[in-house]
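Take a look at the structure below.
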Amino acid sequence: MEEDFAKWYTDVVLKAELVDYSSVKGCVVLRPHAYALWENIQAILDASFKRTGHENVYMPLLIPESLLQREKDHVEGFAPEVAWVTHGGTEPLTERLCIRPTSETLFCEHYSHVVQSWRDLPKLYNQWCSVLRWEKSTRPFLRHREFLWQEGHTAHATPEEAMEETLRMLDVYADLAENSLAMPVVKGKKTDSEKFAGAVSTYTIECMMHDGKALQSGTSHFFGDGFAKAFDILFTDRDNQLKPVFQTSWGLSTRIIGGIIMTHGDNSGLVLPPRIAPLQVIIVPVASHKPGVTERANLLEQELRAAGLRVKTDNSDASPGWKFAEHEMKGVPLRIELGPRDIEAGQCVLARRTGGKLVSPLDGIADAVKAELDSIQAELLDRARANLAEKTSVAHDLDDMACIAREKGGFIKTMWCGSNACEELVKDKTGGMKSRCMPFDQEDLGGHCAVCGGKAETMLYWGYQY
RNA sequence: CGAGGCGUGGCUCAGCUUGGUAGAGCGCUGCGUUCGGGACGCAGAGGCCGCAGGUUCAAAUCCUGUCGCCUCGACCA
């Protein structure tokens with residue numbers, strides 16, 4: 001892992017049976033283990049969306065070229081990486097259709113049809129789908145050509161309400177990351193050079209990976225009324241004036257699975273936080289040919305399942321050692337070892353994926369298991385927080401930054417004057433480090449921009465990115 | 001898009017220099033013995049060597065082209 005992080009990552013992804021490559025670059029098979037992980041993430045997010053008043057819809061896969069081109073900044077941002085459908089059967093199409101790289105234009109067209117009055121607002125829609133972006137280089141989860149995500153698109157009567165929505169949904173992502181995925185985040189606003197194509201402002205949650213690179217794990221955009229004007233999404237307000245709506249969009253993708261792998265994984269493979277692990281407990285019977293072992297293991301499984309846990313018994317005929325290694329590779333948070341000696345003593349062995357074993361009485365085992373899982377969840381968050389803290393540095397000038405970037409990577413916190421020129425300079429001097437975000441949690445690190453020495457406007461996080 | 005690496009049973013690879021009957025380990029199937037950290041024995045199955053041309057009596061091997069994959073950079077959720 002330490003020697004070659006990239007190879008470690010690819011190995012884990014393949015050996016943990018998360019993905020299989022397909023014959024099209026950047027389009028991978030999500031195997032049951034990966035898809036179950038995504039379903040668990042989906043379930044949590046979807047419940048949050050519903051709780052905050054959103055409805056799910058489904059937009060078409062295809063976007064006519066003319067529609068994509070309605071908003072200038074948006075099309076400029078995405079045009080280089082869209083794939084085009086040019087033929088229907090053998091007939092060339094009169095207008096080529098792009099496969100959605102994101103669905104702003106489709107939502108906008110639809111909103112222009114259904115929004116008439118202030119009474120129609122807000123529109124709080126979300127869709128779960130896949131999108132296609134013709135990336136040049138790809139890596140499992142981190143950069144696919146086709147990837148699964150959700151994209152929320154909302155329309156509001158006022159900018160204040162839209163901004164409130166933008167930040168509310170960023171909080172939903174931050175909550176998912178920290179409380180379910182055990183990934184601490186830095187929340188903040190993107191600089192102008194890093195914001196989404198067509199947005200007025202972009203907000204992000206940034207996570208720190210084990211190798212010192214940052215992962216943008218979810219984004220939420222405030223669009224102002226730019227799209228509304230380009231797509232004629234107009235409504236009659238209470239004062240009988242025709243006004244454009246104010247919009248937001250926000251998305252989180254299967255990329256987050258890459259983040260989970262790179263946040264928690266270790267040299268034995270994947271480590272999954274219990275809240276989203278497809279399998280929370282694996283029971284490994286030892287000497288299962290001995291009378292009563294398999295039966296007791298199955299009983300234990302039933303008891304844990306009845307307690308609401310995701311559990312399985314590994315009854316395959318592989319050796320126990322092989323099973324231990326296998327389920328560690330797949331990241332199962334807790335293993336229960338159960339052999340004849342245990343059964344005789346009325347106990348079993350609980351082995352945490354994060355290390356450590358303890359003997360627990362079979363009587364009242366479900367509560368003990370739940371307590372262990374909670375403790376593992378908390379331990380993972382603590383560890384990740386420690387990693388984030390350890391990999392966050394403060395710098396006061398460009399030499400500092402270059403030095404920290406070279407030796408340590410991670411996040412660098414500095415003051416910043418707000419100029420793009422300084423961002424470019426940092427990129428040059430550090431071999432590619434970019435601004436990550438202007439954090440909501442601002443600290444006063446002095447009055448001067450660390451890059452140019454000019455008057456500082458804000459604190460900024462920098463980092464190498466995935 | 002630049003640089004490098006690689007395409008030979010499911011996987012990892014050998015064979016190619018010097019053309020001549022397609023190999024190994026792991027995995028897989030069956031039976032038996034095992035079982036507290038990747039067990040063992042025996043018996044099996046499985047590949048027109050990425051694809052297309054060419055040279056040759058003969059091509060996994062030589063030549064040309066092409067497609068794809070991986071890694072690292074440049075650009076982007």
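- The base-pairing partner of B/rC13, taking Watson-Crick or G-U wobble contacts with both distances under 3.5 Å, is B/rG23.
- One interatomic measurement links the two molecules: CZ of A/F324 to P of B/rA39, which rounds to 11 Å at whole-angstrom precision.
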Letter per nucleotide, 5' to 3', of nucleotides 72-77 of chain B [B base touched, S only sugar-phosphate touched, - untouched; heavy atoms, 4.0 Å]: S-BSBB

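- Regarding A/D211, its CG atom lies at a distance of 14 Å from the P atom of B/rU71, rounded to whole Å.
- If you check every strand for non-hydrogen atoms under 4.0 Å, A/G339 touches a base.
- Between B/rG19 and B/rA24, the two P atoms lie 24 Å apart (nearest whole Å).
- The separation of B/rU21 from B/rC26, taken at their P atoms, amounts to 26 Å, rounded to a whole angstrom.
- Below the 3.5 angstrom threshold, one finds a donor paired with an acceptor across the side chain of A/E328 and the base of B/rG37.
- Comparing B/rA39 with B/rA77, their C1' atoms are spaced 46 Å from each other, to the whole Å.
- Across all strands shown, A/D317 has no heavy atoms under 4.0 Å from either base or sugar-phosphate atoms.
- There is a side-chain donor-acceptor pair under 3.5 Å between A/S375 and A/R352.
- Ion pairing between A/K187 and A/D171 holds under the 4.0 Å rule for side-chain N and carboxylate O.
- Residues A/K357 and A/E337 are paired through a salt bridge, judged by an N-O separation under 4.0 Å between the basic side chain and the carboxylate.
- A salt bridge links A/K190 to A/E206: one of the charged nitrogens lies within less than 4.0 Å of a carboxylate oxygen.
- Between A/Y111 and A/H153, the ring center distance fails the sub-6.0 Å criterion.
- A gap of 30 Å separates the P atoms of B/rC72 and B/rC63, to the nearest Å.
- With 3.5 Å as the limit, one finds a donor-acceptor pair spanning the side chains of A/E104 and A/S249.
- Within 4.0 Å (heavy atoms only), A/V349 reaches at least one base atom of the nucleic acid.
- In terms of position on RNA chain B, the residue among A/G26 and A/W322 whose nearest nucleotide sits closer to the 5' end is A/W322.
- In summary, the side chains of A/S220 and A/T166 do not present any donor paired with an acceptor at a separation below 3.5 Å, with no hydrogens or angles considered.
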Stepwise side-chain contact (heavy atoms from CB on, under 4.5 Å) check, A/K290 with A/R341: CA-CA 11 Å; A/K290 299 265 172 70; A/R341 295 205 301 263; over 6 Å; no

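- The pairing partner recorded for B/rC48 is none, the criterion being a Watson-Crick or G-U wobble arrangement whose two distances lie under 3.5 angstrom.
- At a non-hydrogen distance threshold of 4.0 Å, A/V286, A/A287, A/H289 from residues 262-301 of chain A come into contact with RNA chain B.
- Pairing of B/rG41, defined by two Watson-Crick or G-U wobble distances under 3.5 Å, is identified with B/rC31.
- Between the CG atom of A/D314 and the P atom of B/rC35 there is a distance of 18 Å, given to the nearest Å.
- Rounded to whole angstrom, the span from the OH atom of A/Y21 across to the C1' atom of B/rC11 amounts to 14 Å.
- The pair A/R383-A/E379 meets the salt-bridge criterion, since a charged nitrogen lies less than 4.0 angstrom from a carboxylate oxygen.
- Contact check on A/R296 versus A/E344 returns no salt bridge, with no Lys/Arg side-chain nitrogen under 4.0 Å from an Asp/Glu carboxylate oxygen.
- Note: CZ (A/R341) to C1' (B/rG36) measures 6 Å, nearest angstrom.
- Base pairing analysis places B/rU18 opposite nothing; no Watson-Crick or G-U wobble pair with both distances below 3.5 Å involves it.
- When both distances must be under 3.5 Å, the Watson-Crick or G-U wobble mate of B/rC1 is B/rG73.
- Nucleotide B/rU71 holds its P atom 14 Å from the CH2 atom of A/W8, rounded to whole Å.
- For A/W250 and A/F49, the distance between ring centers is under 6.0 angstrom.
- For B/rG53 and B/rG47, the P atoms lie 23 Å apart once the distance is rounded to whole Å.
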